[in-house]
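I have placed the structure first, in the form of structure tokens, so that the comments after it can refer back to it.
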Amino acid sequence: MSAAPKKPALVTPTRAAVVLLVIVAIIILAMELPAKTNYEKSYGAIDSAMAKGEHVFKKDLQGKYLVGSYDRESPSDGVEEFTWTGLFTSHGMRLHYEADGFVKKIEPK
């Protein structure tokens, strides 16, 4: 009587490593992509409004122009910095305000 042939393992070490790498890549993309796209949408919205000659008021930023989760800092009077943070990188912009609260300049940080 001979022994039954051995069945190959369903999960090989190579297959497990590939699956793990794919999962890690998906997690990284899921954390990086929203930060970058939210920054680009926010920057683009403010920049295009200013290019059209519209007045962008400081108090209207959150409801009309800024997208996603961001950090907001005021390093000095008349200047605010906004930062969208991903897993490895952060994307930011700096807004300069006139005395009446309107944005006079936008620049990447």
Side-chain angles (χ1 to χ4, degrees):
M1 219 191 227
S2 64
K6 193 174 183 182
K7 291 184 180 180
L10 291 176
V11 180
T12 63
T14 304
R15 185 178 291 169
V18 169
V19 169
L20 182 63
L21 287 175
V22 168
I23 291 171
V24 168
I26 290 170
I27 290 171
I28 290 171
L29 280 175
M31 296 191 74
E32 283 294 328
L33 197 57
K36 182 176 172 112
T37 56
N38 288 337
Y39 159 74
E40 289 174 349
K41 286 178 185 178
S42 299
Y43 190 96
I46 295 169
D47 192 42
S48 68
M50 291 176 65
K52 292 176 189 173
E54 296 176 17
H55 294 289
V56 178
F57 191 58
K58 183 177 184 175
K59 292 183 180 178
D60 294 336
L61 288 174
Q62 192 165 359
K64 286 174 113 176
Y65 301 102
L66 299 176
V67 179
S69 178
Y70 53 86
D71 294 324
R72 187 175 194 164
E73 298 176 16
S74 294
S76 62
D77 283 345
V79 177
E80 270 190 311
E81 295 179 347
F82 298 88
T83 307
W84 289 260
T85 306
L87 190 60
F88 297 114
T89 59
S90 61
H91 310 276
M93 67 179 169
R94 185 176 295 116
L95 299 178
H96 299 267
Y97 299 104
E98 296 175 354
D100 56 4
F102 289 102
V103 176
K104 67 178 176 183
K105 182 180 176 185
I106 181 174
E107 61 187 6
K109 185 169 89 163

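Two residues are said to be in side-chain contact when any heavy atoms from C-beta on lie closer than 4.5 Å; F82 and D71 fail this criterion. At least one side-chain heavy atom of L95 sits under 4.5 Å from a side-chain heavy atom of L61. Side-chain contact check for Y70 versus Q62: some heavy-atom pair is nearer than 4.5 Å.
A distance of 4.5 Å separates NZ of K58 from CD of E80, quoted to the nearest 0.5 Å. Here CD1 of I26 is found 11.0 Å from CG of L21. Values are rounded to the nearest 0.5 Å. Distance check: H96 NE2 to D77 CG gives 13.0 Å after rounding to the nearest 0.5 Å. The CD atom of E32 sits 9.5 Å away from atom OG1 of T85, with the distance rounded to the nearest 0.5 Å. Considering CG of D60 and CG of L66, their distance stands at 10.5 Å, rounded to 0.5 Å.
In the hydrophobic clustering of ILVMFWY residues, with side-chain heavy atoms under 4.5 Å counting as a link, I27 and V19 come out together. Linking Ile, Leu, Val, Met, Phe, Trp and Tyr whenever their side-chain heavy atoms come within less than 4.5 Å puts M31 and V24 in one cluster. Side-chain heavy atoms closer than 4.5 Å link hydrophobic residues (I, L, V, M, F, W, Y) into clusters, and following such links, even through other members, never connects V67 to M93.
The salt bridge (charged side-chain N to carboxylate O under 4.0 Å, His left out) contacts involving residues 81-92 comprise E81-R94, E81-K109, where partners must be two or more places apart or lie in separate chains. Note on residues 29-50: pairs passing ring-ring contact (aromatic ring centres under 6.0 Å, His included), not counting sequence neighbours, are Y39-Y43, Y39-W84, Y39-H91.
With a 6.0 Å radius and a threshold of 12 heavy atoms from other residues, nucleotides or ligands, E107 has its CD atom above the threshold. Counting non-hydrogen atoms of neighbouring residues, nucleotides and ligands closer than 6.0 angstrom, the CG atom of D100 exceeds 12 such neighbours. Shown here is H55, whose NE2 atom has no more than 12 heavy atoms of other residues, nucleotides or ligands within 6.0 Å.
Between E40 and K36 there is a salt bridge, with a side-chain nitrogen of the basic residue lying less than 4.0 Å from a carboxylate oxygen of the acidic one.
Taking every heavy atom of both residues into account, V79 and Y97 meet most closely at N-CD1, 4.3 Å. Nearest heavy-atom pair, A35 versus G86, reported as atom, atom and distance to 0.1 Å: CB-N, 3.7 Å.
Under the rule for a side chain to side chain contact (heavy atoms under 4.5 Å, CB included), L29 has no partner lying at least two apart in sequence or in another chain.
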